[in-house]
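In what follows, a structure is listed as structure tokens, so that the remarks can point back to it.
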2 protein chains.
Amino acid sequence: MKNITIKDIAKIANVSYATVSRALSGVPGVSDETRSRILKICEEIGYTPDYMARSMVTKSTKLIGLIVPDISNPFMSEMAFNIEQFAGESGYHIMLCNSVSSLEQEQNVFKLLMGRKVDGILIFPTGAQSHKLLEKYLDKIPVVFVSENLGSFHASYVTVDNFQGTSIGTEYLYSLGHRNILYFGRRASHKLRYEGYEAICKKYGLEPHFYESPYHTDSIKHGYDMAMDLFKANSSLPYTAIFASTDSNALGLLKACEEVGIRIPEDISMLGFDNIPYSGLPKIMLSTIEQPYKLMATAAVSMLIDKIDNPEFGYSHKILSPKLVVRSSCQKLD
Amino acid sequence: MKNITIKDIAKIANVSYATVSRALSGVPGVSDETRSRILKICEEIGYTPDYMARSMVTKSTKLIGLIVPDISNPFMSEMAFNIEQFAGESGYHIMLCNSVSSLEQEQNVFKLLMGRKVDGILIFPTGAQSHKLLEKYLDKIPVVFVSENLGSFHASYVTVDNFQGTSIGTEYLYSLGHRNILYFGRRASHKLRYEGYEAICKKYGLEPHFYESPYHTDSIKHGYDMAMDLFKANSSLPYTAIFASTDSNALGLLKACEEVGIRIPEDISMLGFDNIPYSGLPKIMLSTIEQPYKLMATAAVSMLIDKIDNPEFGYSHKILSPKLVVRSSCQKLD
DNA sequence: TTGAAAGCGCTACCAT
DNA sequence: ATGGTAGCGCTTTCAA
């Protein structure tokens, strides 16, 4: 089955194939009559232009590489949906890669994506070291990180204000009367989340406590496993509230609490971070800090496209505001 | 910033660029000495081959197009993760497109993907008519549908046995003593799910009832809206159990029930379909029919790659077995 | 074993 | 307004 090329349709239309190219690209320099005749022929014989060949000469693939730790995480998939939609509006397509929370795999797919000649890369870094490891490619291809500001090197990123997020969360817990609050999750990759929590603790003279996650990624399962370890190590918990670093962690924690008979919020209050759709489920009703998904997605895409169009423009940062979502997982103490 | 090409490294190595190509492609016909010298140079100056240029001549992009209605749906994102991983093992990359449950958009992205010269397309059809609309492309590019068998045309697909799924679900409900069961969701795109339910109803002389979804996609929100409409139209429901067509629908229904004060499973039993991770959350504990995610993903990918490698081999079907997952959303009647 | 050159489908430049 | 053609980076004959 031979491929139809502009040469074929040039032959049919009795013009040079340069003219066909012009007609299809919409550039001026073709009479309206010729153009519409050519377009009609293309339509009829079902010609589709070859993006690859076009890309070879234009040096632009209209392709964006998207690297996420794990697309099955609702935070990622929600972002991915919005990213794909918004990128599509600008004529970009998405090449999706999971780094499966491995720095090595992250490097691999990054290099692969470069070989694929994507115009730019949007990356949800898997860890704090991702930035450093990827630094050497940053002048070779436009990249924007979707993550908090880690390190001080020169890179574009968009992020929610994680520090502010946990600050308002901890303030909320404090206002409810909580004085013993545990931070539950990863501190390395969400450094600023921990620091926001810590800052408010200090502000009120509370002792900050944390339970560090041994995992490189957040999921219900990991949250559950962590929680079970925590319970095993402590026969009774001295906290009145737990601030989980992500909703996924919180959901796993919730599951573990249910199993060992800890009631939420009667026995202990719980606050999450992200506001994934499942946090609003009945009986779950997790209070949490919301990330502005759609805004983050559009900001990330347009920042990347800006960088693609103007590589010389340096780099930019965009920090979006989080929002407290009060449901019913936190109790007022008296 | 000039691109490094094989010509550059040919110059450095003092060989023709054909030799470089041979060395890199691993084809025989280059002395070991020359090859290792070339490879070392590539390594040193950080050369990465241009997949596009390569694809132009080999006519193979090692790219798979993945079309899903909505990647933010957990069923889709779970599948997408496994698909990406498994495809990656065979050297394929994924181009992700959301059809946003629109037949028109589905057609658009399909054509776009063809223009991108992907080697094959994996599609989660958005509706019953998808197959018919896409039929005309099926001899132009390898396609495998991830969906139940709709219509009788010639196309490859992998699916869970939807009929069997709702059959065992309905049998389960019947065995619990339920005699008035409502089927809740879309019947058009999950025709066989409805029919499995219907068949078991008939088998036991029960009257099948359904509440048809006006939506083209399943989500918590749609399930919730549907449920609210249902409740508004009926002051008291004559059913003892509801079989939701998907877990997402069930979760929305659950939310609505909570709001109007219907207790699950005390007042009414509820069964879902898919077994997304959130169905196992504490207090939710939705009993459901499980789809074998990983198996479906690997089956779909290997079926597609088979078709890519042997386009002349016709088409194939693979129907996987569902499994009942009993949690606590269904009550035994006495 | 290696080199020369054609050609993949297209855009863009230079002519006309 | 249209045609001719070089060339994008690569693989793959065909010769040497």
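None of these values were measured; they are calculated from a predicted model. Lettering of chains follows the sequences in order, A, B, ..., and the numbering in each one begins at 1.
The CZ-P distance, from A/Arg22 to D/dA1, rounds to 10 Å in whole Å. In this structure, A/Glu33 atom CD and D/dT2 atom P are separated by 8 Å, rounded to whole Å. Atom-to-atom, CG of B/Asp8 to P of D/dG9 comes out at 9 Å; the value is rounded to the nearest Å. Put simply, NZ on A/Lys7 is 15 Å from P on D/dG3, counting in whole angstrom units. In this entry the distance linking CZ of B/Arg116 with C1' of C/dC10 reads 14 Å, nearest Å. Between the CD1 atom of A/Ile9 and the C1' atom of D/dG3 there is a distance of 15 Å, given to the nearest Å. Rounded to whole Å, atom C1' of C/dG3 lies 16 Å from atom NZ of B/Lys11. Distance CD1 (B/Ile4) to P (D/dG9): 11 Å, rounded to an integer number of Å.
For D/dG3, the OP1/OP2 oxygens have a side-chain nitrogen or oxygen of A/Thr19 closer than 4.0 Å. Contact annotation: A/Ser25 side-chain N/O to C/dT11 OP1/OP2 distance is under 4.0 Å. Regarding contacts with the backbone of D/dG9, every side-chain N or O of B/Thr5 stays at 4.0 angstrom or more from both OP1 and OP2. Within the 4.0 Å cut-off from OP1 or OP2 of C/dC8, not a single side-chain nitrogen or oxygen of B/Ser55 is found. Remark: B/Ser21 is in phosphate contact with D/dT11, judged by side-chain N or O atoms under 4.0 Å from OP1 or OP2. The side chain of A/Tyr47 contributes an N or O atom lying less than 4.0 Å from OP1 or OP2 of C/dC10.
Proximity of the aromatic rings of A/Phe75 and A/Tyr293 is defined here by a centroid distance below 6.0 angstrom, and this criterion is met. In this structure, the ring of A/Phe86 has its center no less than 6.0 angstrom from the ring center of A/Tyr92.
Of the listed nucleotides (C/dT2, D/dG4, D/dT12), D/dT12 has the atom at the smallest distance from the side chain of B/Val57. The side chain of A/Tyr17 lies closest to C/dT11 when the candidates are D/dT11, C/dG3, C/dT11. Of the candidate nucleotides D/dA1, D/dG3, C/dG9, C/dG9 has the atom nearest to the side chain of A/Asn3. Side chain of B/Val15, nearest nucleotide from C/dG3, C/dG9, D/dC10: C/dG3.
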Kindly determine whether B/Asp218 and B/Arg186 satisfy salt bridge (Lys or Arg N to Asp or Glu O under 4.0 Å), including the steps that lead there. CA-CA 8 Å; B/Asp218 301 305; B/Arg186 298 189 291 151; 3.1 Å; yes
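At a threshold of 4.0 angstrom between heavy atoms, the contacts of B/Lys59 are confined to the sugar-phosphate backbone, with no base atom among them.
Checking A/His131 against A/Ser147 by side-chain atom types alone, a donor-acceptor pair falls below 3.5 Å.
For the pair B/Val27 and B/Met56, nearest-nucleotide mapping onto DNA chain D gives the more 5' position to B/Met56. Of the two residues contacting DNA chain C, namely B/Ala18 and A/Asp50, the nearest-nucleotide position lying further toward the 5' end is that of B/Ala18. Residue-to-nucleotide proximity on DNA chain C shows that, of B/Gly29 and A/Thr58, the 5′-proximal contact is made by B/Gly29.
The aromatic rings of A/Tyr157 and A/His317 lie parallel to each other, their planes meeting at an angle below 30°, with 60° marking the opposite boundary.
Taking all atoms of both residues into account, the shortest heavy-atom contact from A/Asp50 to B/Lys117 is OD2-CE, 3.6 Å.
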